[in-house]
Amino acid sequence: MNFQPEIIAWYLNNKRELPWRNTSDAYIIWLSEIILQQTRVEQGLPYFNRFLAAFPTVQDFAAATESEVLKLWEGLGYYSRGRNMLHTARAVMELHGGIFPTAYDTLIQLKGIGDYTAAAISSFAANESRAVLDGNVFRVLARYYGMDTPINSPAGKKVFSALADELVQGQDASIYNQAIMEFGALQCKPKSPLCESCPLRPDCFAYNHQQVHLLPMKLKPGAKRVRHFNYFVAEHNGQVLMKQRAAGDIWQQLYDFPLVETSAEHYAVPEEFAQKTAELFGFSPLLRPMINKKHVLTHQIIYVQFFALDNNIPNFNSTASFKWLSRAAAMEVPKPNVINDFVKFYLTKL
DNA sequence: AAGCCGGGGGA
DNA sequence: TCCCCAGGCTT
């Protein structure tokens, strides 16, 4: 049975007015799609508006610095999206003469554009017949067709993808793709879906078998890694010592403070702590505990402690990664939320 | 194939 | 609390 006509009819009556829906400009669509990866529309919307105002064209984006991009991205998470966007904007200038591609096969080669995003841009901007497969589509298909293969398994990806490809055939891909995603977001919601007013209810497998709350199936994620970050906040001559984070860990290229990470079972054991801080600073620091925070990420729980460093440390010079920054500069550099929250508190209250 | 990468909002 | 969001990259 084909539900496409009903989904499209539902969409035309219920869709939200969103700025990236009124254009076929692939650059603008790309901007919205990257921002909306793993991000709700309401959360991404203000970021979309700020990015478009800052970079009206892909040429403007390509001319930006990484710090500018990360500053605009600040607070949105998954910061590699921002770094990949800059890379891709520059690639579009160099490889495609500043014309943002609309073909799936071209898009898929760009950094940060995977299967979903290439399908979205090529169908929205050029009506290419490609099926989008995001969290909404997984959910709608799983419930309507009663598919119980876990959607986060390789087998699930395969079977749902095959069905989605089949369903987009013969459709206006631009409208249908947006329709099924909007339907999943507003009607066939993860929690408390609106089955009573659902136009698909008569033929919905999950509804007719009391399985709406069970589908889609998902494999349980593993336990999160627990870490302890001990940060040192040093001030000297009105400047704050900060550090730019390196590759190979979370928050790449963002700024935090000099850091001692201690073993995961506990807050810093005195001996371990003293030894590591002495290694970091080259002397025994005078520490004053300030704030503790628990910060939860997708795969990690981080217990964060901030210490004021009461020694004068005039010999700790700026390096490539360690930088003495004025308070204004410390506010300005891009930082993860847990650091940003502390800095705002620290610079206003102390 | 599995692990990693943020942050926020709803229930 | 737990779950999920217009996913993608690395190993």
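So you know, we letter chains A, B, ... as the sequences are listed, proteins then strands, and number each from 1.
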Sugar-phosphate, base or nothing in reach of A:Gly184, heavy atoms under 4.0 Å: nothing
Pairwise P distance for C:dA6 and B:dC4, with rounding to whole Å: 25 Å
Side chain proximity check, A:Gln252 to A:Ser80, heavy atoms < 4.5 angstrom: no
Nucleotide B:dG6, atom P - distance to NZ of A:Lys335 in whole Å: 16 Å
More than 12 heavy atoms of other groups within 6.0 Å of A:His87 NE2: no
P atoms of C:dG8 and B:dG9, separation to the nearest Å: 23 Å
5′-ward residue of the pair A:Tyr79/A:Pro154 relative to DNA chain B: A:Pro154
Between P of B:dC5 and CG of A:Asn337, the distance in whole Å: 16 Å
Separation of atom NZ in A:Lys224 from atom P in B:dG7, rounded to whole Å: 12 Å
Nucleotide B:dG6, atom C1' - distance to CD1 of A:Ile301 in whole Å: 14 Å
More than 12 heavy atoms of other groups within 6.0 Å of A:Ile99 CD1: no
A:Arg225 CZ to B:dC5 P, straight-line distance once rounded to whole Å: 7 Å
Value in whole Å for how far the P atom of B:dA2 lies from CG of A:Leu219: 8 Å
Any strand: nucleotide that pairs with B:dG6 via Watson-Crick or wobble, under 3.5 Å: none
No-hydrogen, no-angle side-chain donor-acceptor test under 3.5 Å, A:Thr298 and A:Tyr78: yes
Gap in Å between the two P atoms, one belonging to C:dC9 and one to B:dG8, rounded: 24 Å
Length of the line joining A:His295:NE2 and B:dG6:P, which is rounded to integer Å: 8 Å
Polar contact flag, side-chain donor to acceptor under 3.5 angstrom, A:Ser197-A:Gln187: yes
Gap between atoms CG and P, on A:Leu254 and B:dG6 respectively (whole Å): 8 Å
Footprint string (nucleotides 3-10 of chain C, 5' to 3'): B base within contact, S backbone only, - free, heavy atoms under 4.0 Å: SSBBBSS-
Residues A:Glu182, A:Arg21; criterion salt bridge (Lys or Arg N to Asp or Glu O under 4.0 Å); working and verdict: CA-CA 12 Å; A:Glu182 190 80 334; A:Arg21 287 206 176 124; 3.0 Å; yes
Residue pairs involving residues 207-219 of chain A (criterion salt bridge (charged side-chain N to carboxylate O under 4.0 Å, His left out); sequence neighbours excluded): none
